[in-house]
There are 2 protein chains.
Amino acid sequence: MSMFITRKTDYAIRCILYLSKDLDRIATVEEISKAVHVPKTFMAKILQQLMKAGIAGSVRGIKGGFQLARNPEDINLLEVIEAIQGPSAANICALDKKACSLSGTCAVHTVWVELREEVNSRLKSWDFGKLTDRENRLSHRAKCDKR
Amino acid sequence: MSMFITRKTDYAIRCILYLSKDLDRIATVEEISKAVHVPKTFMAKILQQLMKAGIAGSVRGIKGGFQLARNPEDINLLEVIEAIQGPSAANICALDKKACSLSGTCAVHTVWVELREEVNSRLKSWDFGKLTDRENRLSHRAKCDKR
DNA sequence: TTAAAACAGGTCTTATTTAGTCCTCTTTAG
DNA sequence: CTAAAGAGGACTAAATAAGACCTGTTTTAA
């Protein structure tokens, strides 16, 4: 039903969130995929895309695996989305510029542009430092509720 | 590439924009589809969806056609999107609540909720009165530029 | 009263995108 | 030199989007 965030992107986010928990550790695809409940081969593909975007780094060979290539605070939601779904994921309008401006004067297009700008700046403001903090607070609260 | 707005929704918006130009006129599917460059049978489907949502009204039989069921000012972008893509189009998160909260404490989910609220309120604020005005201003400017 | 022009709406097909799988290759610690 | 890891291309399957088709009903006007 045409969502903004695909499953793949969601997996990528969970993966980064997982890697944020221990920055020194080198985690294998197997480990990550189990932790975030994602098929191993699919997770591998996602990690490769994150590498190309300079978000994750890898160590090859036995004892190899993945790590974040930067600090969680320096990775934001917008770039993760773009790394996985492509840069045009931020384009809200379905059509390319030619088709959109076929009437010459597309009033709606300007609305999409404004909206995209707002959404992008909000996504950019969420880095994985903040997200991890928030997650920790939430899980702490959940624990307290249980008792 | 997973856009927020599908082609179908874009067609619907153009269609409403067209119908906003002359509220007394009853336009046939043929006329509308030519005006907005959309296959006739597809346009017909879209108009039926707009009818179910109470946005468009139809007159059957020869001399029949479509009209807006309300004033352009009383139709906003959000409801058009939801009429065509379904109510969950506004859901930015790809997963349903169960899957999303599988970890119990999904920090990202709350971000999506906030974002969705912002986007929805902005979309709601754009009615077709405003959009038509904006289009008119744009086309007037384009004309002046030509001279 | 009937033919033609229009909408109503269900089913079907096709194209595109998303979500994965599979297989072969390379790297590297022990 | 071998086993355990990643690299990466090719492939397949499922879901969604986009559109075509066909049969029916309504309505006006000759």
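Letters A, B, ... are given to chains in the order of the sequence lines, protein chains preceding strands, and every chain is numbered from 1.
- Using a 4.0 Å cut-off between charged side-chain N and carboxylate O, A/Arg134 and B/Glu114 make a salt bridge.
- A straight line from CD1 of B/Ile26 to C1' of C/dA5 spans 14 Å, rounded to a whole angstrom.
- Contact check, A/Tyr11 against C/dG20: a side-chain N or O comes under 4.0 Å of OP1 or OP2.
- Contact annotation: B/Thr28 side-chain N/O to C/dA5 OP1/OP2 distance is not under 4.0 Å.
- For the pair B/Gln49 CD and D/dA18 P, the computed distance is 11 Å after rounding to whole Å.
- Base contact: A/Gly61 has a heavy atom under 4.0 Å from a base atom.
- Nearest-nucleotide positions on DNA chain C for A/Lys40 and B/Ala27 put B/Ala27 closer to the 5' end.
- Nucleic acid contact class of A/Thr41 (heavy atoms, under 4.0 Å, all strands): base.
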Write out a two-atom table: protein N or O, nucleotide N or O from nucleotides 7-9 of chain D, distance below 3.5 Å.
residue: D/dA7; atom: OP1; partner: A/Ser58; partner atom: OG; Å: 2.8
residue: D/dG8; atom: N7; partner: A/Gln48; partner atom: NE2; Å: 3.4
residue: D/dG9; atom: N7; partner: A/Lys45; partner atom: NZ; Å: 3.1
residue: D/dG9; atom: O6; partner: A/Lys45; partner atom: NZ; Å: 2.5

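- The CG-P distance, from B/Leu50 to C/dG9, rounds to 14 Å in whole Å.
- Sequence order on DNA chain C of the closest nucleotides to A/Ile62 and A/Lys8 puts A/Lys8 first from the 5' end.
- Taking atom CD1 of B/Ile46 as the reference point, atom P of C/dA8 lies 14 Å away to the nearest angstrom.
- Smallest separation of non-hydrogen atoms from B/Ile13 and B/Phe128: O-CE2, 3.7 Å.
- Residue B/Phe42 contributes atom CZ, which lies 18 Å from atom P of C/dT13 at whole-angstrom precision.
- Checked for salt-bridge contact, B/Arg137 and B/Asp133 miss the test: no charged N lies under 4.0 Å from a carboxylate O.
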